[in-house]
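Here is the naming used below: chain letters follow the sequence lines, and residue numbers restart at 1 for every chain.
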Number of protein chains: 2
Amino acid sequence: MATLAEVARHAGVSASTVSYVLSGKRSISEETRLRVENSIRELGYHPNAGARALASSRSHIIALMVPLRTDMYVPVMMEIAIAVATTARGFGHDVLLLTGEEGPEAVRRVAASGLADAMIVMDVELDDERVPLLRDSARPSVLIGLPGDPAGLTCVDLDFTATGALCADHLAQFGHKDVAVIGEAAAVYRRHTGFAERTLDGLRSRAREHGMRVIHRPCEGSYESTAGVLARVFEERPDTSALVVQNEAAVGPMLALLRQQGRAVPEDVSVVAICPDQVALQASVQLTSVAIPAQEMGRQAVELVMAKIEGREPAPVTLLPPRLTVRASTGPAPTAP
Amino acid sequence: MATLAEVARHAGVSASTVSYVLSGKRSISEETRLRVENSIRELGYHPNAGARALASSRSHIIALMVPLRTDMYVPVMMEIAIAVATTARGFGHDVLLLTGEEGPEAVRRVAASGLADAMIVMDVELDDERVPLLRDSARPSVLIGLPGDPAGLTCVDLDFTATGALCADHLAQFGHKDVAVIGEAAAVYRRHTGFAERTLDGLRSRAREHGMRVIHRPCEGSYESTAGVLARVFEERPDTSALVVQNEAAVGPMLALLRQQGRAVPEDVSVVAICPDQVALQASVQLTSVAIPAQEMGRQAVELVMAKIEGREPAPVTLLPPRLTVRASTGPAPTAP
DNA sequence: CTGAAAGCGCTAACAA
DNA sequence: TTGTTAGCGCTTTCAG
């Protein structure tokens, strides 16, 4: 592996000049710059990451903490992770993958060792034990998700309250009066992840304004549990004419069950899903849906964290506005028999 | 951040002693070891990653290259990635996440900069452009997947040939004569990822021995495409009594469609899936399946790569044996009408 | 606009 | 069993 010194010798300049050509931190004459760049290319030089980190105390690495749990919809996590990685590369940074397994200790370790310059934390819970550590840490961090108390933190998330409200508005327009929310797995609520509750709040309060009735049932997402939930819903509220589904795994089973029960979508029942577009498009009926902007969240998280690394102080909370795409699964409420 | 020198002073020993306590590379008296460990704890010392990497030319980082594409079943990728990360931590290593985006250049960059000590590459194609680079690279690497020519490489993968054969055996036992394979998306075959072809080969040749007829149709996995594939299958081979499904996304739609068509599983049609257990268990009929051992693959990949880092030379190809779990979706072939 | 040189914090000979 | 010390390759003052 070629070293900076070798490049310097090859180009007939000093080491510092090569360094400055690389960093652009002081002006270099066109001529020497070209000579140096040539040498770099010819020797196939890549700066040594360790040496650079040691001398500059910047590793050009961003740590990404993903949850170990698997009860959330995994493709969304993956999409965020990939967006983070590619966006970070655009800023000349790499991404270190931390699983939740180490827990809060990972935060300490990475910060203290200087392994990463900053940290992005996914799947934040309302009362997350990593949050106090992050708040006190000398290294910048950005959360994807909203903890109970975001004071002193930087967070990005989809505006789930607005998402719920948007669903309510859309269904109200079609004259629906009885709405059922097929929610996330019970464990998600028990863990108080926040987003599920916020969706529900937004939907409920807007529904009230529209004079709609709402019931909510958690759903594990398997075929069996979806069947159970659906049965209970129509038993308790036979006039239910619209379903809002927040558990992506339940989408497929639910549509299959409705078909089986002879309930046509959207003639008998309208369905709005909160899910990635891919899921909405692959379903047996193209679903009206509010998309989870996974890429956008990853991208934003990196931009916020880079801002902090560079000493700027971004807005503490960034809520991405939801977008509802009307497809084939929603329509007017059936007129009373 | 405390430095090693500070720890040394605090413990009343030399820097090298602290270093050796940390690395265990030479024997230390019980007494000094304890004193040093205490100081480390008291000062909350974590070795500086950059300095360590520079001095030892080992970053204790393993790069993991994940595909950018999203036409493979994402949860499996994620599960492998998480298994890699947690296993690596057990070896005192961290994982750097590289997306396919940079392409082969990432291999060069990471190797030359010393950012990572080794590399694990997922979703390897039969004729992968990263493979020659990896083969020539000074840094160890392990592939998850099997390229066309594994010479000079280290690879782990599920034994897909055996997987196909296993499916054939199981169905033959039940007296099935006409089998249809619902395969991966056409793009997967076009890309020559290998595993899909190997499954098919294994299944076909074993089927021949059993006197079974096999047809194979690629399937995109959406409800619509699954419907089309299924229709064509039963049109061409009305006597088809068993389905082998290799595209996880098609599982849900397929079961829904069969139910709709009045084909009972397993009375009229047996179904074997090649998919993660979670998918097999969440389906409307508990599926007889061959599991994708994602965790095991991740774990093995790390162990192989660690062996190479430590100078050992592991077996070039590790094929994990498939395991078929019998559940509710397979049974005797229906007797001719 | 460019060069010289002092570290950054740690590892690993070499010495004792 | 422990200490001394010379780098590892780069960044960044300080000089010129």
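A donor-acceptor contact under 3.5 Å links the side chain of B:Ser16 to the base of D:dG3.
The line from CD1 of B:Ile62 to CG of B:Leu96 is 11.0 Å long, rounded to the nearest 0.5 Å.
For the residue pair B:Arg41/B:Asn38, the side-chain donor-acceptor check at 3.5 Å is satisfied.
Residue B:Asn48 contributes atom CG, which lies 13 Å from atom C1' of C:dT11 at whole-angstrom precision. Protein atom CG of A:Leu115 is 14 Å distant from nucleotide atom C1' of C:dC10, rounded to whole Å. For the pair B:His46 NE2 and C:dG9 P, the computed distance is 16 Å after rounding to whole Å. One can place CD of A:Glu6 at 8 Å from P of D:dG9, the figure rounded to the nearest angstrom. Taking atom CZ of residue A:Arg52 and atom C1' of nucleotide D:dT12, one finds them 14 Å apart after rounding to whole Å. The CG atom of B:Leu4 sits 9 Å away from the C1' atom of C:dT11 (whole-angstrom rounding). One atom, CZ of A:Arg9, and another, C1' of D:dG9, lie 13 Å apart when rounded to the nearest Å.
Ranking C:dT11, D:dG3, D:dC10 by closeness to the A:Ala55 side chain, first place goes to D:dC10. When distances are taken from the side chain of A:Ser19 to each of D:dT11, D:dT4, D:dG9, the shortest belongs to D:dT11. Of the candidates C:dC10, D:dC10, C:dT2, D:dC10 carries the atom nearest the A:Tyr45 side chain, counting heavy atoms from C-beta on.
For A:Ser56, no side-chain nitrogen or oxygen approaches OP1 or OP2 of D:dC10 to under 4.0 Å.
Not a single donor-acceptor pair under 3.5 Å links the side chain of B:Arg139 to the backbone N or O of B:Asp117. In this structure a side-chain-to-backbone donor-acceptor pair under 3.5 Å is present from B:Lys308 to B:Ser141. A donor-acceptor pair under 3.5 Å is absent between the side-chain atoms of A:Thr99 and the main chain of B:Ala85, judged by distance alone.
Applying the side-chain contact (heavy atoms from CB on, under 4.5 Å) rule to B:Leu133 yields the partners B:Pro104, B:Val107, B:Arg108; only residues at least two apart in sequence or on another chain are considered. Under the salt bridge (Lys or Arg N to Asp or Glu O under 4.0 Å) criterion, A:Glu310 pairs with A:Arg312, sequence neighbours left out.
Across all strands, A:Val18 comes closer than 4.0 Å to no nucleic acid atom at all (heavy-atom distances).
Listed by residue number, the members of residues 20-44 of chain B with any heavy atom below 4.0 angstrom from DNA chain D are B:Arg26, B:Ser27, B:Ile28, B:Ser29, B:Thr32.
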